[in-house]
Structures are given as structure tokens and as C-alpha cells.
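See structure below.
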Amino acid sequence: MKLAVVIPMHNEEAGARQCIAAVTSVIDDLNDTALIVVDDGSSDATRDELQAAEALGFKFERVDAATNQGYGAALQLGARRAAELGAEWVLFMDSDLTNPPDQIPSFVAAMADDVDVIKACRFCRGGGMNGVPFRRQIFSRTGNVLARVLVGGPHRDITNGFRAIRTDRYLAMPLTERGFAVIVEEMYHGQGARLRGVDVPSVLTSRTAELRVSSFGYTPKTIWTYLRWTLRAARNRLLRLSPKGSTR
């Protein structure tokens, strides 16, 4: 199997079936592709909705976490299941369809290149944000400009959670973050492993009104955690570029 699309869900009963229907309608036209949904210890009817989707004939793998372990842990559960299925790549996307499933084929096309990481990019030609609150857009743009200056590398949208990575490369990362900052931690470990990357343009949309309010927010703790990994990556970059570092 070439690709496993991994979607973590926590208390997403309102949109679970819609998400599965939308994603499977796209990947059914792709070869060697599977969908893995990780129920991260939901306390609502998410698991019932997933079981109902299975009963309706939607084809996907379900991984159930007994308790809510966090976004980062859910991704690792999904990636390990992808490895068991023999998937060469894992593609992570959100369950609220703010990452458009019809953009999955652009990731598959990029997998033909000699790369290890493929990131969706809101700041490339053809990318953007549609319906996203202005305050979040400002945070995203500012944060990514800062990261780009400090870290360098091939990606213009480091904090975007819509991304694909070779399964073995992902599972080799010693990831520790349980929350959304794992996205930036991945960048840090990928930099250290000299992973090759490429961007594909993507348009991020906002959650619809019937879904629960997103648990993500730009709190001081979140900003500091993102910045901490960015500064670590910047330090490693400087060490590599320094004359002393270049002789190692």
C-alpha cells in the first residue's frame, strides 16, 4: 500500500460521517490508498457515528484509544496502524474538512518526487485561507514568516497540519508533544534528519457552525511551545552553517 490517510477525531460526532464520506469519495479513485480514523477517547457519540459509517459500507480502518491522549499521540497511533498495513506514506488531515479532501491527489502526485515530507501551503501561489477569522490569519502569517526566517528549509507553511510524510521517517522521530505543537516538533526532527521536503498549494477553510468549537487556540502556552521548537531548529541551523559546524 502506498498511502494511508490518517484522521484523528475527538468528540466530532456532528461531522464524523460527513468526513468519512467526503474522504472516501476521493481516495476510492486512487490506487493503494486507505483511510485510518483514530477515535481519540471521545466522550460523545463519535464512536457510534463511526460504527454507523462502517455499517453503511464505508471502507476505513478504525483505531480506538481508550482515553483522550491528545492530537500528537493520536497521530502516532494512526501512523503505527499505517505501518502495519504496509503504507509507505501517511497523510494527516483534520476531521472537520477544513483541509479539502479533493486536494489529496496533489499530495499523491508529489510523492513521485524524491522527497520525504509534503506540506500543504497556504502561502504559495494557489493557496490561501477562506473564511478563517482575521486574527488567526495574522497569527498564522506572522508565525510562518518568523519560522521561515529563523529555520529556512523548503517549507513556507511550517504550522500547517495538512501534510504527508514517509511512514518510516515519521515513526523514527522521537516525538514528545501531545498537542498541536507536534506539527512544529516534526519540523525540528525532520531538519535534524535532513528530510527532503516540498510544498503543495492548499486552501484552508473554517469549521462549519454545526461542529463543536475548535479546541485549538493561540494561547500564550501554545505560542511559546511553537516558538520553542522553532528556536531549537534555528539553533541547529546556525550550528550547521558555522565554520566549526561545517567541519564535523
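Start at 1 with the first residue, then count along the sequence.
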Original post:
Yes or no on side chain to side chain contact (heavy atoms under 4.5 Å, CB included) for N11 and N68, after CA distance, side-chain angles and deciding distance?
Top reply: CA-CA 10 Å; N11 292 347; N68 177 232; over 6 Å; no
Is the backbone of [Y] close enough, under 3.5 Å, to the side chain of [X] for a donor and an acceptor to pair up by distance?
X    : Y    : value
N130 : T205 : no
Q137 : V132 : yes
D94  : N99  : no
T167 : A83  : no
T33  : N31  : yes
D40  : Q69  : yes
R169 : W89  : no
D39  : D64  : no

**OP:** Start with the C-alpha distance between R122 and T159, add both sets of side-chain angles, then the distance that settles side-chain hydrogen bond (donor to acceptor under 3.5 Å, both in side chains), and finish with yes or no.
**Re:** CA-CA 10 Å; R122 295 165 288 181; T159 62; 3.2 Å; yes
Hey, quick one: are [X] and [Y] part of the same hydrophobic cluster, counting side-chain heavy atoms closer than 4.5 Å, chains of contacts allowed?
X    : Y    : result
V26  : L3   : yes
I7   : L204 : no
V145 : L150 : no
V184 : V149 : no
F123 : V117 : no

Indicate the atoms forming the closest heavy-atom contact of [X] with [Y], along with that distance.
X    : Y    : result
Y226 : A181 : CE1-CA, 3.5 Å
Y71  : G161 : OH-O, 4.1 Å
V198 : A110 : CG1-CB, 4.3 Å
A79  : L171 : CB-CD2, 3.7 Å
V151 : A233 : CG2-CB, 3.8 Å
F162 : S202 : CD2-OG, 3.7 Å

As an exercise, state the distance from [atom1] of [X] to [atom2] of [Y], rounded to the nearest 0.5 Å.
X    : Y    : atom1 : atom2 : value
D199 : R163 : CG    : CZ    : 13.5 Å
D102 : L97  : CG    : CG    : 10.5 Å
I183 : N160 : CD1   : CG    : 7.5 Å
R178 : L75  : CZ    : CG    : 12.5 Å
M9   : L50  : CE    : CG    : 5.5 Å
N144 : C121 : CG    : SG    : 8.0 Å

When you compare the side chain of [Y] with that of [X], does any pair of heavy atoms fall below 4.5 Å?
X    : Y    : answer
V63  : R80  : no
I165 : V90  : yes
F180 : T225 : no
I36  : E84  : no
E13  : S42  : no
H189 : L175 : yes
E12  : E49  : no
Y188 : N236 : yes

Subject >> Pairing of E186 and K119 as salt bridge, 4.0 angstrom limit >> reply: no
Original post:
Should the pair R196-D116 be classified as a salt bridge under the 4.0 Å nitrogen-to-oxygen rule?
Top reply: yes
**OP:** List the steps, then state whether side-chain hydrogen bond (donor to acceptor under 3.5 Å, both in side chains) holds for T176 with E185.
**Re:** CA-CA 8 Å; T176 59; E185 185 186 5; 3.1 Å; yes
Subject >> Derivation of the side chain to side chain contact (heavy atoms under 4.5 Å, CB included) call for V23 and M93 >> reply: CA-CA 10 Å; V23 174; M93 62 184 298; 4.2 Å; yes
Subject >> Criterion side chain to side chain contact (heavy atoms under 4.5 Å, CB included) on K59 and D28, from CA distance to verdict >> reply: CA-CA 9 Å; K59 296 180 180 179; D28 281 350; 5.7 Å; no
**OP:** Show the numbers, then the answer: is there a side chain to side chain contact (heavy atoms under 4.5 Å, CB included) between M187 and H155?
**Re:** CA-CA 9 Å; M187 174 272 299; H155 302 297; 6.0 Å; no
